[in-house]
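Below is one structure; the comments refer to it alone.
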Amino acid sequence: MLIATWNVNSIQARLEQVHAWLKEVQPDVLLLQELKCMTEAFPQEAFDDLNYNMAVHGQKTYNGVAILSKTPIEDVVTTFAGQEEDPQARYIEGFTGNLRLASVYVPNGQEVGSDKFEYKLGFLKNLKNHLQDIFYQETPFAIGGDFNVAPFDGDAYDPRFFKSNHILCSLPERKALREILNLGYGDALRMIHPKLENLFTWWDYRAASFQNDHGFRIDHILLSGHAMDRLEDAFVDKNPRSNERPSDHTPVCIKLR
DNA sequence: ATGGTAGCAAAGCTA
């Protein structure tokens with residue numbers, strides 16, 4: 001079973017690229033982030049020929065997440081257990097195949113210390129509480145998405161970022177993500193590639209970042225223990241980042257038995 | 001410290 005996650009930075013702008021990638025790679029599941037469209041405006045019909053079931057949670061202009069799966073998606077939720085619906089569409093979860101899956105778009109946070117940064121930390125805390133709730137159920141579970149956090153040394157092109165308050169790399173946000181990992185979730189890519197070499201998933205559009213490989217690893221797939229037992233492979237598909245008019249992110253993929 | 005680019009949507013916000 002092949003599961004992928006991809007922040008596409010507008011599904012409308014990336015429609016042909018996403019279709020071509022699905023056709024070529026044929027993942028069983030694709031978790032999408034940054035749709036930048038309303039739920040009703042998601043171009044489902046563009047994928048008709050590929051036979052994916054879809055669960056979409058969108059909004060106007062910003063954010064938006066979705067699950068595409070070869071098997072039907074059941075019991076879809078877009079809120080964290082026991083919490084109010086976030087007006088920003090950043091989370092969707094459902095049962096498909098034989099496991100529970102989620103697509104998440106963690107707030108960027110803009111600048112350490114800003115209001116948006118506080119919102120980011122709050123979101124990660126709420127996500128942690130929700131994932132703790134799921135963990136107790138002992139069902140195989142995978143959550144993929146843009147976490148907007150580089151969790152380990154080596155997850156940014158310049159290690160000096162970790163000594164600074166650079167967004168994506170600051171201590172408070174790394175600790176917030178580590179609290180989730182410490183619940184018992186595993187970082188699938190790191191499990192397969194312990195040295196974290198050449199695994200960046202995002203390159204800024206600016207300053208020729210991709211050409212200079214000035215990247216960060218901020219897109220992740222986290223697995224519950226039961227799902228981790230089935231992990232066979234994990235990799236970053238760098239190809240879509242070299243497309244014409246690419247997303248600034250590239251897909252992360254895992255293979256589960 | 002600033003600006004470098006991209007998408008949405010129609011000027012500025014978010015990333």
Side-chain angles (χ1 to χ4, degrees), chain A residues 5-21 30-44 46 56-66 86-92 103-124 126-127 144-151 155-158 160-170 172-174 176-177 200-220 236 238-252:
Chain A
T5 181
W6 191 6
N7 177 325
V8 291
N9 185 21
S10 168
I11 187 63
Q12 209 59 253
R14 231 61 65 195
L15 198 49
E16 287 177 22
Q17 291 179 49
V18 174
H19 185 277
W21 189 81
L30 177 59
L31 307 168
L32 291 166
Q33 302 87 35
E34 276 210 87
L35 305 176
K36 293 188 171 179
C37 72
M38 312 253 276
T39 303
E40 317 80 74
F42 188 91
Q44 301 223 14
V56 180
H57 181 42
Q59 68 174 91
K60 190 175 154 67
T61 312
Y62 301 117
N63 310 314
V65 286
D86 192 320
Q88 301 191 20
R90 295 181 174 279
Y91 187 80
I92 191 164
S103 175
V104 68
Y105 177 43
V106 174
N108 170 280
Q110 209 160 62
E111 195 178 339
V112 175
S114 67
D115 289 352
K116 291 192 175 63
F117 188 70
E118 291 308 310
Y119 171 61
K120 179 180 195 172
L121 294 182
F123 184 95
L124 284 166
N126 293 340
L127 178 62
D146 177 1
F147 285 77
N148 268 317
V149 179
D155 286 335
Y157 71 91
D158 188 338
R160 282 178 297 185
F161 288 133
F162 295 116
K163 305 275 186 209
S164 70
N165 274 333
H166 192 281
I167 198 69
L168 313 176
C169 301
S170 75
E173 51 195 307
R174 295 176 83 196
L177 180 53
F200 297 148
T201 65
W202 173 77
W203 298 260
D204 199 307
Y205 284 123
R206 295 166 287 191
S209 299
F210 187 60
Q211 289 82 347
N212 296 311
D213 199 26
H214 286 177
F216 295 78
R217 189 177 73 101
I218 57 176
D219 299 87
H220 309 294
V236 177
K238 236 174 125 171
N239 292 326
R241 188 61 179 83
S242 31
N243 288 346
E244 295 268 326
R245 298 185 70 78
S247 167
D248 42 355
H249 297 253
T250 212
V252 175

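Note on naming: letters A, B, ... go to the chains in the order of the sequence lines (proteins, then strands), and numbering restarts at 1 for each one.
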Inset, instruction - Identify whether any heavy atom of A:Arg90 sits under 4.0 Å from a base atom; if not, whether one sits that close to sugar-phosphate; answer base, sugar-phosphate or nothing. - result: sugar-phosphate
Inset, instruction - Please tell me which of the listed nucleotides, B:dT5, B:dG7, B:dT14, lies nearest to the side chain of A:Asn9? - result: B:dG7
Inset, instruction - For the pair A:Arg241 (side chain) and A:Phe210 (backbone), establish whether a donor and an acceptor sit closer than 3.5 Å, ignoring hydrogens and angles. - result: no
Legend entry - Integer-rounded Å distance: B:dG4 P and A:Gln211 CD: 17 Å
Inset, instruction - May I have the distance from A:Gln59 (atom CD) to B:dT14 (atom P), rounded to whole angstrom? - result: 12 Å
Inset, instruction - Identify, between A:Gly109 and A:Ala207, the residue whose nearest nucleotide on DNA chain B lies closer to the 5' end. - result: A:Ala207
Inset, instruction - Taking only the side-chain nitrogens and oxygens of A:Arg245, find out if one of them lies under 4.0 Å from OP1 or OP2 of B:dG7. - result: yes
Legend entry - Residue closer to the 5' end of DNA chain B, A:Leu35 versus A:Asn7 (nearest nucleotide): A:Leu35
Legend entry - Interatomic distance where CG belongs to A:Asn63 and C1' belongs to B:dC8 [whole Å]: 12 Å
Inset, instruction - Would you please name every residue forming a side-chain contact (heavy atoms from CB on, under 4.5 Å) with A:Lys36, sequence neighbours left out? - result: A:Asn9, A:Ser10, A:Glu34
Inset, instruction - Take the protein atom CD of A:Gln17 and the nucleotide atom C1' of B:dA6, then report the distance between them rounded to whole Å. - result: 13 Å
Inset, instruction - Answer with yes or no whether A:Tyr62 presents, from its side chain, a donor or acceptor under 3.5 Å of a partner atom in the base of B:dC8. - result: no
Legend entry - A:Glu111 atom CD, over 12 foreign heavy atoms within 6.0 Å: no
Inset, instruction - On the 0 to 90° scale, with breaks at 30° and 60°, tag the A:Trp202-A:His249 ring pair as parallel, tilted or perpendicular. - result: tilted
Inset, instruction - Give the rounded distance in Å between these two atoms: CD1 of A:Ile218 and C1' of B:dA15. - result: 10 Å
Legend entry - Least distance between heavy atoms, A:Lys238 atom then A:Asp213 atom: NZ-OD1, 3.9 Å
Legend entry - Between B:dG12 and B:dA1 - P atom distance, rounded Å: 24 Å
Inset, instruction - Mind checking A:Tyr105 for me? I need base, sugar-phosphate or nothing, with any heavy atom below 4.0 Å counting as a touch. - result: sugar-phosphate
Inset, instruction - Write down the distance between OH (A:Tyr205) and C1' (B:dT5), rounded to a whole number of angstrom. - result: 8 Å
Inset, instruction - Quickly work out the A:Asn243 CG to B:dA6 C1' distance and round it to whole Å. - result: 15 Å
Legend entry - Integer-rounded Å distance: B:dT14 P and A:Lys36 NZ: 12 Å
Legend entry - A:Lys116 side-chain N/O to B:dT14 phosphate OP1/OP2 under 4.0 Å: yes
Inset, instruction - For nucleotides B:dA15 and B:dA9, find the distance between their P atoms and express it as a whole number of Å. - result: 15 Å
Inset, instruction - Identify which nucleotide among B:dT14, B:dC8, B:dA9 has an atom closest to any side-chain atom of A:Gln110, counting heavy atoms from C-beta outward. - result: B:dT14
Legend entry - Below 4.0 Å: OP1/OP2 of B:dG7 and any side-chain N or O of A:Arg14: yes
